[in-house]
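Let me begin by presenting the structure, written as structure tokens, before commenting on it.
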Amino acid sequence: MTQVRTARVIGLGSYLPERILTNADLEKMVDTSDEWITTRTGIKERRISADNEASSDLAANASKQALIDAGIKADQIELIIIATVTPDMQFPSTACLVREKIGAENAAAFDLGAACAGYGYALVTAQQFIASGTYDVVLVIGVEKLSSVTDWRDRNTCVLLGDGAGAAILAPSDSGNGIMASYLNADGSMAELLKVPAGGSRRPCSCQTIEDRQHYLKMKGNELFRPAVRMMVDAAEKVLKKCGLTTRDVDCLIPHQANIRIIKAVAQRLNIPIEKVYINIEKYGNMSSASTAIGFHEAVKFGKIKKDSIVVVVGFGSGLTSSACVIKW
Ligand code: UT7
């Protein structure tokens, strides 16, 4: 039997736009309060891109950092996979734009749509190309400019979202450490709960769709809460079981950052102490695919992940999708 190769992360980077939008700022924009946002979501502030900054700009900045961290040049990258629901345009893919921006002149490139679970989906996709021997160096990015689909009149959603990018470079492992197991899932029966209704082939852009504010993100947050907890717990348990581990073996859990109450409920059900859970929602809000991507980079940067640490990255999002990876660092 052919031996499959283990993929490991050799470099990480992230980028957050400079502009900070605080809960106090939002109090002036919609009928909300710092108290409501803090207690119901855990968010204190979020980053908002400049008008001339698109997802490819955020992604390119994060990628340049990951290249430095990995100690390699852009022309060594063979594939770029970008997880995003906020591409610069419908096409070309944002991955092609990033290829150009960073000078990855030997790379194939494509975008992947799995919403907030997208970073995990992209890591697993990269892993497959490495395991099969197709590529040796793959750049994975989770990036969102959610402010571009935020309805700033809708208090139900505008207080939750933020912009950012996280990048990881994967290569074959020489030590055996790396992605140990993965789990992906999707349930289209609840697709209506979180979407941008217009601007696609179902409801192309028209004066009417714009007037109806259908190009903005719509979410039934209350109905998503329980599936979010259930699907992340399920994904984490299944992926750990695949590699013969239990939640007691986990040194760092990096969950999608949709709501502090969801994160705490997931940790509690998995019986993982909250100190082992990486949380940055208070600074950045929900950045969809970028949340776990940035969380992973920060957890390494801030020493929460050390050599041989067992890390679980778990995500959940529109679709509904869920993803989980166990990584031995
Ligand atoms: O990224 C992946 C997918 N996202 C998620 O999975 C998000 C999951 N859902 C959530 O995180 C929470 O459901 C939310 C944070 C979205 C909402 O929290 P909640 O505790 O479920 O609140 P709710 O929707 O049940 O609303 C409670 C009340 C409502 O008022 P009434 O009807 O009780 O009078 C809302 O109108 O809170 C009101 N409300 C607000 N009040 C002040 C909603 N948004 C706001 C706001 N400020 N920004």
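For ligands, and for the atoms within them, numbers begin at 1 and follow the listed sequence. One is the number of the first residue; the rest follow in order along the sequence.
Contacts between Val159 and ligand 1, counted as non-hydrogen atom pairs separated by less than 4.0 Å, involve the side chain only. When non-hydrogen atoms are compared, ligand 1 lies under 4.0 Å from the backbone of Thr32 as well as from its side chain. With a 4.0 Å heavy-atom cut-off, ligand 1 is reached by the side chain of Ile262 but not by its N, CA, C or O. Contacts between Leu194 and ligand 1 below 4.0 angstrom, taking non-hydrogen atoms only, involve the side chain exclusively.
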Under the criterion side chain to side chain donor-acceptor pair (under 3.5 Å), I'd like the reasoning laid out for Thr38 against Lys44: C-alpha separation, chi angles, the key distance, then a yes or no. CA-CA 6 Å; Thr38 307; Lys44 294 301 269 184; 3.2 Å; yes

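Considering backbone and side-chain atoms together, Thr41 places no N or O closer than 3.5 Å to any N or O of ligand 1. When only interatomic distances are considered, the shortest N/O to N/O separation between Cys116 and ligand 1 does not fall below 3.5 Å. Residue Asn222 has at least one N or O atom closer than 3.5 Å to an N or O atom of ligand 1.
Listed by number with element, the atoms of ligand 1 under 4.0 Å from a non-hydrogen atom of Asn156 are 43 (C), 44 (N). Close contacts between ligand 1 and Phe316 involve ligand atoms 2 (C), 3 (C), 6 (O) [criterion: under 4.0 Å to a heavy atom]. Taking every heavy atom of Ala258 and a limit of under 4.0 angstrom, the matching atoms of ligand 1 come to 1 (O), 4 (N), 5 (C). Interface atoms of ligand 1 facing Arg40, defined by a heavy-atom separation under 4.0 Å, are 20 (O), 22 (O), 27 (C).
No more than 12 heavy atoms of other residues, nucleotides or ligands sit less than 6.0 Å from atom NZ of Lys241. The environment of Lys73 atom NZ is sparse: at most 12 non-hydrogen atoms of other residues, nucleotides or ligands sit within 6.0 angstrom.
For atom 4 (N) of ligand 1, the protein comes within 4.0 Å by at least one heavy atom. Using a 4.0 Å threshold on non-hydrogen atoms, atom 31 (P) of ligand 1 does not count as touching the protein.
Salt bridge status for Arg8 with Asp174: present, with a side-chain N to carboxylate O gap under 4.0 Å. A salt bridge links Lys283 with Glu298: at least one charged nitrogen is closer than 4.0 Å to a carboxylate oxygen. Classification of Lys238 and Asp234 as a salt-bridged pair holds, one side-chain N sitting under 4.0 Å from a carboxylate O.
The CD1 atom of Ile80 lies 9.5 Å from the CD1 atom of Ile169; values are rounded to the nearest 0.5 Å. One distance of note links OG1 of Thr321 with CE of Met190; it measures 11.0 Å at 0.5 Å rounding. Here Asp136 contributes atom CG and Glu78 contributes atom CD; the two are 5.0 Å apart, rounded to the nearest 0.5 Å.
Residue contacts with ligand 1 include Asn286, since one or more of its heavy atoms lies under 4.0 Å from the ligand.
Without hydrogens or angle criteria, Ser55 side chain to Val143 main chain gives no donor-acceptor distance under 3.5 Å. Side chain of Asp34 to backbone of Asn23: no donor-acceptor contact under 3.5 angstrom is found.
When only non-hydrogen protein atoms are considered, atom 37 (O) of ligand 1 lies nearest to Trp36 NE1, 3.2 Å. Remark: minimum distance from atom 18 (O) of ligand 1 to any protein heavy atom is reached at Arg261 NH2, 3.4 Å. Of the protein's non-hydrogen atoms, the one nearest atom 9 (N) of ligand 1 is Gly221 O, 2.9 Å. Shortest contact from atom 48 (N) of ligand 1 to any protein heavy atom: Arg155 O, 2.9 Å.
Of the candidates Leu193, Asn259, Thr321, it is Asn259 that places a heavy atom closest to atom 12 (C) of ligand 1.
Below 30°, between 30° and 60°, or above 60°: for Phe129 and Tyr135 the angle between ring planes is between 30° and 60°, a tilted geometry.
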